[in-house]
Amino acid sequence: MLIFNTLTGREEEFQPLQSGRVRMYTCGPTVYNFAHIGNLRTFVSQDLLRRWLLYRGYQLTHVMNVTDVDDKTIANACERGVSLEEYTAGYAQAFFEDCRRLRLQQPERVAYATRHIPEMVELVEKLLEKNLAYRQDGSIYYRISAFPKYGRLSHLDPDQLQIGHSVEADEYSKDNPRDFVLWKAPKEGEPSWETRVGRGRPGWHLECSAMSMKYLGDSFDIHGGGVDLIFPHHENEIAQSEGVTGAPFVKYWFHTEHLVVDGEKMSKSKGNFYTLRDLLDKGFDPLAIRYLLLSTHYRKPLNFTLEGILQAAAALRSLNNFLLLVRTCRDAAAGNPRIGEILQQALARFESAMDDNLNISGALGAVFDARYDLNALAESQGLFAGDRERILTTFGKFNALLDSLDLEGEDTTDAQVRELIQARSDARRNRDFKRADEIRGQLLQRGVILEDTRDGVRWKRIG
RNA sequence: GGCGCCGUACCCAAGUGGUAAGGGAGAGGUCUGCAAAACCUUUAUGCAUCGGUUCGAAUCCGAUCGGCGCCUCCA
């Protein structure tokens, strides 16, 4: 399997440090607000990666952090007049609700920054010992000039970095304006911890170094996040971790491109800023949103539109309608050897596309082509029991990534629905169409749609 | 100024040297008591533009135009 590595700027053959086992860390949310659709795109792409690793049989340990202490969480909690814990707990819970709605698999471990203060302090102590960090006005900073590899991930030359407008060189009393803070001096009215390096609170970058190494070791396989984190966040993590251990921190860096909305950068002032909740309130299907976020390659900018959600919903519907056909079309007398061929080819195409740096569009092309070929056979010849099983098994494999397909079928034990459908069929047979339409209306109110086909009545629930 | 992503049909989107996957929408059709759904057919002599290399280029090289991002706490 090939995977693009930001560190080398190339696609590389994926070879975990320990054979058969993958250790992965991804930067999770800062819980100062509801996650927006751009945040969620990144998490969906990480979900696709973890699902593909599992598909390929790796034993996976995936750790995701939750940043529950930083400038924004503190400021917002303060503004609302609640404690930091109370404030962040609500948004953390909301985040995991969003993840469930989008069918994101839970990482093996979720790590909260505020529960790992001792581990962070330990790192700071070691960096001080090695003279990679220094104290200044109660804060502790990382001395970038002492870490020659600084800039290797982002391919930036530290000497050529422009100092941003927001940071006046003399605003901080740092040796070098590019040095970043490891430990912040306490401020009146802000949460702080009494620790061996003094009272204060951690800088943002520190948690990811501390928690990833605690759970995954000094060196691990994959570290992911949005492209905006390449610099400075991930660059700083490398400086912190490798500064302490001297060992290579991460083998493969996995970064997801941003999404834009209607071709423009998402921003609250433009009115094109969406959270998942906003979209669900408008009546959009969370699985269609999952499909939309999933179906563009993770290293390409994704243009998110409401129209796109509807297109995704239609694509998903057509796959599920196909599966309905597979389950309900008339029985063939014998198995069709063509079906095995079609499935085998489709699966091979699907897998080789995914192995090629998670080429999900190519993989989906294989899925839809299989649907097309199989539809023609099922419509014209019906399906043998063994054919049905094989089709559902293969689509079950596709669904290991999509997690949006109806493989099981509807609840056929709903006696009332069954009775109504039967009653309508009887009415139709007696050419009592008024009665039949009446029953169809009743079923529709229960959320059941009927399809009259040559092979009998099919029904499904409205999504 | 430095670093990076991108430009393929009405919309979304694969394809990185061998003659344009797939999805949506539109149009036509099949089925049907009707409707809906489903299914089938169809839709780029063309891949931002201009040069070049090649038997052959969306793919490689050069230039140009355009969109987006990062360059100290933003996924």
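First the proteins, then the strands, lettered A, B, ... as listed; each starts at 1.
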Colleague: From the options B/C74, B/A75, B/G33, select the nucleotide whose nearest atom is closest to the side chain of A/Ala436.
Modeller: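 The answer is B/G33, which lies nearest to the side chain.
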Colleague: Give the nucleotide from the list B/A38, B/C73, B/A75 with an atom nearest to the side chain of A/Asn321.
Modeller: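 Output: B/A38.
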Colleague: Indicate, with yes or no, if the rings of A/His223 and A/Phe254 have centres closer together than 6.0 Å.
Modeller: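 No, too far apart.
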Colleague: Whole Å only: how far is the CG atom of A/Leu259 from the C1' atom of B/A13?
Modeller: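 The answer, rounded to whole Å, is 16 Å.
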Colleague: Using the side-chain heavy atoms of A/Arg424, tell me which of these nucleotides is nearest: B/C6, B/A37, B/G33.
Modeller: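 It is B/G33.
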Colleague: Select one nucleotide: of B/A75, B/C5, B/A36, the one nearest the side-chain heavy atoms of A/Pro301.
Modeller: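 The answer is B/C5, which lies nearest to the side chain.
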Colleague: Do A/Asn272 and A/Lys265 have a side chain donor and acceptor closer than 3.5 Å?
Modeller: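 Checked: A/Asn272/A/Lys265 side chains show no N/O donor-acceptor pair below 3.5 Å.
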Colleague: Can you tell me, in whole Å, how much space there is between the C1' of B/U64 and that of B/G56?
Modeller: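 It works out to 26 Å between them.
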Colleague: So if I take every side-chain heavy atom of A/Lys300 and compare against B/C40, B/G15, B/G7, which nucleotide ends up nearest?
Modeller: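 So the nucleotide nearest the side chain must be B/G7.
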Colleague: A/Phe350 CZ to B/G22 C1': how many Å, rounded?
Modeller: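 Rounded to whole Å, this separation is 14 Å.
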Colleague: Using a heavy-atom cut-off of under 4.0 Å over every strand shown, decide if A/Leu325 touches base, sugar-phosphate, or nothing.
Modeller: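 If one applies the 4.0 Å heavy-atom cut-off, A/Leu325 turns out to touch nothing in the nucleic acid.
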Colleague: Assess whether a salt bridge exists between A/Glu341 and A/Arg338, defined as any Lys/Arg side-chain N lying under 4.0 Å from an Asp/Glu carboxylate O.
Modeller: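 A/Arg338 and A/Glu341: salt-bridged.
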Colleague: Between protein and nucleotides 9-11 of chain B, what N or O pairs are separated by less than 3.5 Å?
Modeller:
residue: B/C11; atom: O2; partner: A/Gln311; partner atom: OE1; Å: 3.3
residue: B/C11; atom: O2; partner: A/Gln311; partner atom: NE2; Å: 3.2

Colleague: A/Lys265 side chain: which of B/A21, B/G69, B/U41 is closest?
Modeller: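 Between B/A21, B/G69, B/U41, the one nearest the side chain of A/Lys265 would be B/G69.
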Colleague: Need one value for A/Phe322: base, sugar-phosphate or nothing, where a base atom within 4.0 Å counts as base even if backbone is also close, heavy atoms only.
Modeller: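 If one applies the 4.0 Å heavy-atom cut-off, A/Phe322 turns out to touch nothing in the nucleic acid.
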Colleague: Between B/G23, B/C73, B/A14, which one does the side chain of A/Ser361 approach most closely?
Modeller: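 The answer is B/A14.
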Colleague: To the nearest Å, give me how far apart CZ (A/Arg349) and C1' (B/A14) are.
Modeller: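 Checked: the CZ to C1' distance equals 10 Å.
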Colleague: Salt bridge check, A/Arg458 against A/Asp452: does any charged N sit closer than 4.0 Å to a carboxylate O?
Modeller: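 The answer is no: the pair does not qualify as a salt bridge.
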Colleague: With a 4.0 Å cut-off on heavy atoms, is A/Asp452 in touch with a base, just the backbone sugar-phosphate, or nothing at all?
Modeller: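 Result for A/Asp452 = base.
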Colleague: So what does A/His297 hit on the nucleic acid, given a heavy-atom distance under 4.0 Å: a base, only sugar-phosphate, or nothing?
Modeller: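 If one applies the 4.0 Å heavy-atom cut-off, A/His297 turns out to touch the sugar-phosphate alone, with no base involved.
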Colleague: Of the candidate nucleotides B/G23, B/G22, B/A75, which contains the atom at the shortest distance from the side chain of A/Arg371?
Modeller: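 Given the options B/G23, B/G22, B/A75, the side chain of A/Arg371 is closest to B/G23.
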Colleague: In whole angstroms, how far is the C1' atom of B/C12 from the CZ atom of A/Phe304?
Modeller: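 That distance rounds to 13 Å.
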Colleague: Would you call A/Arg277 and A/Asp98 a salt bridge, taking side-chain N to carboxylate O under 4.0 Å as the test?
Modeller: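 Salt bridge: yes.
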Colleague: Using whole Å, report how far CG of A/Leu302 lies from P of B/A14.
Modeller: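 Computing the A/Leu302:CG to B/A14:P distance gives 9 Å.
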Colleague: For RNA chain B, please output the secondary structure as dot-bracket, reading 5' to 3'. Pairs are Watson-Crick or G-U wobble, both atom distances under 3.5 Å; mark crossing pairs with [ ], other-strand partners with |, unpaired with a dot.
Modeller: ((((((((.[[[..)..(...]]].(((((.......))))).....[[[[[..)....]]]]])))))))....
Colleague: Charged N to carboxylate O below 4.0 Å: is that the case for A/Arg290 and A/Asp47?
Modeller: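 A salt bridge links A/Arg290 with A/Asp47.
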Colleague: When we call it a touch if two heavy atoms are under 4.0 Å apart, what does A/Thr256 touch: a base, just sugar-phosphate, or nothing?
Modeller: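 Answer is nothing: A/Thr256 stays at 4.0 Å or more from every strand.
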Colleague: Between A/Leu279, A/Asp262, A/Val261, which is the residue that forms a side chain to side chain contact (heavy atoms under 4.5 Å, CB included) with A/Leu306?
Modeller: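 Answer to the side chain to side chain contact (heavy atoms under 4.5 Å, CB included) test with A/Leu306 among A/Leu279, A/Asp262, A/Val261: A/Leu279.
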Colleague: Salt-bridge test for A/Asp278 and A/Lys282: reply yes if a basic N is under 4.0 Å from a carboxylate O, no otherwise.
Modeller: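 No, no charged N to carboxylate O under 4.0 Å.
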Colleague: Could you check whether A/His233 gets within reach of a base, just the sugar-phosphate, or nothing at all, counting any heavy atom under 4.0 Å?
Modeller: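 No contact.
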Colleague: Anything under 30° is parallel, anything over 60° is perpendicular, the rest tilted; go ahead and classify A/Phe395 against A/Phe398.
Modeller: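 A/Phe395 vs A/Phe398 ring planes: perpendicular.
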Colleague: What do you reckon, are the aromatic ring centroids of A/Phe249 and A/Phe220 less than 6.0 Å apart?
Modeller: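 So the answer is yes for these two rings.
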Colleague: Assign each of A/Arg299 and A/Leu316 to its nearest nucleotide of RNA chain B by heavy atoms, then name whichever residue's nucleotide is nearer the 5' end.
Modeller: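 Nearest-nucleotide comparison on RNA chain B picks A/Arg299.
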Colleague: What is the separation between atom CG on A/Leu306 and atom P on B/A25, rounded to the nearest whole Å?
Modeller: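 From A/Leu306 CG to B/A25 P: 16 Å.
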Colleague: Can you identify which nucleotide, out of B/C73, B/G23, B/U41, has its nearest atom closest to the A/Ala315 side chain?
Modeller: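 The listed nucleotide nearest to A/Ala315's side chain is B/G23.
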Colleague: Taking the minimum atom-to-atom distance to the side chain of A/Leu156, which one of B/C3, B/G33, B/A13 wins?
Modeller: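 Nearest to the side-chain atoms of A/Leu156, counting from C-beta on, is B/C3.
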Colleague: Would you confirm whether the ring centroid of A/Tyr141 sits within less than 6.0 angstrom of the ring centroid of A/Phe180?
Modeller: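 Here the rings of A/Tyr141 and A/Phe180 have centres that are no less than 6.0 Å from each other.
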Colleague: Name the nucleic acid region contacted by A/Leu229, choosing base, sugar-phosphate or nothing; use a 4.0 angstrom heavy-atom cut-off, strictly under.
Modeller: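 Sugar-phosphate only.
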Colleague: Regarding A/Phe368, tell me which of base, sugar-phosphate or nothing describes its non-hydrogen contacts under 4.0 Å with the strands shown.
Modeller: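 Sugar-phosphate, no base atom in range.
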Colleague: Using a 4.0 Å heavy-atom cut-off, does A/Gly308 contact any base of the nucleic acid, only the sugar-phosphate backbone, or nothing at all?
Modeller: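 The residue A/Gly308 makes no contact with any strand.
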Colleague: Quick one: label A/Lys184 by what it contacts on the DNA or RNA (base, sugar-phosphate, nothing), any heavy atom closer than 4.0 Å.
Modeller: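 Base, at least one base heavy atom under 4.0 Å.
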